[in-house]
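Worksheet: one structure, shown below.
Chain naming here is simple, since letters A, B, ... match the order of the sequence lines and numbering starts at 1 in each.
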Amino acid sequence: ILNVEQSPQSLHVQEGDSTNFTCSFPSSNFYALHWYRWETAKSPEALFVMTLNGDEKKKGRISATLNTKEGYSYLYIKGSQPEDSATYLCAFPNAGGTSYGKLTFGQGTILTVHP
Amino acid sequence: DGGITQSPKYLFRKEGQNVTLSCEQNLNHDAMYWYRQDPGQGLRLIYYSQIVNDFQKGDIAEGYSVSREKKESFPLTVTSAQKNPTAFYLCASSTSYGENQPQHFGDGTRLSIL
């Protein structure tokens with residue numbers, strides 16, 4: 001069973017603060033690393049799919065970095081806004097059938113941004 | 001608008017009863033997935049389908065069954081053999097089955113035992 005760990009479990013920040021959280025995954029047999037955002041009462045939404053060591057992706061105020069050699073990815077949010085409040089999930093593809101589309105998800109980091 | 005529709009939003013099951021959760025997508029995606037979420041746990045994969053008329057067990061398939069007779073539909077049946085079915089169920093799809101493919105999710109079905 002793959003171990004995908006996210007930390008912290010929850011985070012409370014004030015509006016305007018910048019914040020970051022971590023996803024740790026097995027460093028061997030790396031194929032990709034997914035990040036999703038899940039707002040309350042909505043469906044999870046894909047943020048990034050990262051594939052290359054040293055990769056950095058950006059979407060508005062949210063960015064992510066990837067270190068495949070040491071097995072971690074950071075998600076950064078610059079100038080947090082209340083609408084950034086959500087659970088942030090990372091997922092690690094592993095083998096299933098003839099390809100690697102099976103995702104093992106971390107438990108998520110619950111971010112609350114206070115006005 | 002393209003998307004994934006799950007129904008019903010809430011479902012109640014009596015002891016010994018089978019129930020079926022619906023998942024329909026109009027994204028023309030080949031691959032579809034079913035996940036279960038329990039409090040304090042990450043999403044866990046129940047079944048997945050790489051293409052129509054094909055499906056494989058995920059990590060927690062016992063007590064569940066699926067079919068994939070049409071590309072757009074991937075219903076999940078929770079059978080009476082599933083002893084702890086109370087959970088939140090999410091359906092997802094992706095363009096194709098592969099590590100680089102982001103998954104698109106429905107709004108979920110919450111199943112409870114009466």
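Distance CD/B:Q56 to NZ/A:K102: 9.5 Å, rounded to 0.5 Å.
In terms of heavy-atom pairs under 4.5 angstrom with chain A, the leader among B:A92, B:A31, B:S96, B:G42 is B:G42. Contact tally against chain A (heavy-atom pairs below 4.5 Å) for B:K57, B:R44, B:Q37: the top residue is B:Q37.
Of the two parts of B:I4, neither the backbone nor the side chain holds a non-hydrogen atom closer than 4.5 Å to a non-hydrogen atom of chain A. In this structure, the portion of B:L45 lying under 4.5 Å from any heavy atom of chain A is its side chain and not its backbone. Contact of B:Q6 with chain A is not made at all, since no heavy-atom distance falls under 4.5 Å.
Residue A:K78 qualifies as open at atom NZ: its count of foreign heavy atoms under 6.0 Å is 12 or below. Within 6.0 Å of CD in A:E83 there are more than 12 heavy atoms belonging to other residues, nucleotides or ligands. Counted within 6.0 Å of CD on A:Q9, heavy atoms from surrounding residues, nucleotides or ligands total 12 or fewer; the atom is thus considered open.
The backbone N or O of B:G40 sits less than 3.5 Å from a side-chain atom of A:Q107, completing a donor-acceptor pair.
By the rule that hydrophobic residues join a cluster once side-chain heavy atoms approach within less than 4.5 Å of another member, B:L21 and B:M32 end up as members of one cluster. No path of Ile, Leu, Val, Met, Phe, Trp and Tyr side chains, each step under 4.5 Å between heavy atoms, connects A:L33 with A:Y72, placing them in separate hydrophobic clusters. Both B:V78 and B:F74 sit in one connected hydrophobic cluster of ILVMFWY residues. Membership requires side-chain heavy atoms under 4.5 Å apart, directly or through other members. Linking ILVMFWY residues whenever their side-chain heavy atoms come closer than 4.5 Å, directly or via other members, places B:F88 and A:L89 in the same cluster. If you chain together hydrophobic residues whose side chains sit under 4.5 Å apart, A:Y76 and A:V13 never meet in one group.
For the pair A:W38/B:L43, a side-chain contact is recorded, criterion being any heavy-atom separation below 4.5 Å from C-beta on.
At a heavy-atom cut-off of under 4.5 Å, chain B is reached by A:S43, A:P44, A:A46, A:V49, A:T51 from residues 43-57 of chain A, listed in order of number.
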Can I get a per-line list of side-chain donor-acceptor pairs under 3.5 Å for residues 102-114 of chain B, giving both atom names and the distance, sequence neighbours left out?
unit_1: B:Q103; atom_1: OE1; unit_2: B:Y35; atom_2: OH; d: 2.7
unit_1: B:Q103; atom_1: NE2; unit_2: B:Y35; atom_2: OH; d: 3.4
unit_1: B:T109; atom_1: OG1; unit_2: B:P8; atom_2: O; d: 2.5

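Nearest heavy atoms, A:H34 versus B:Q101: CE1-O, 3.2 Å.
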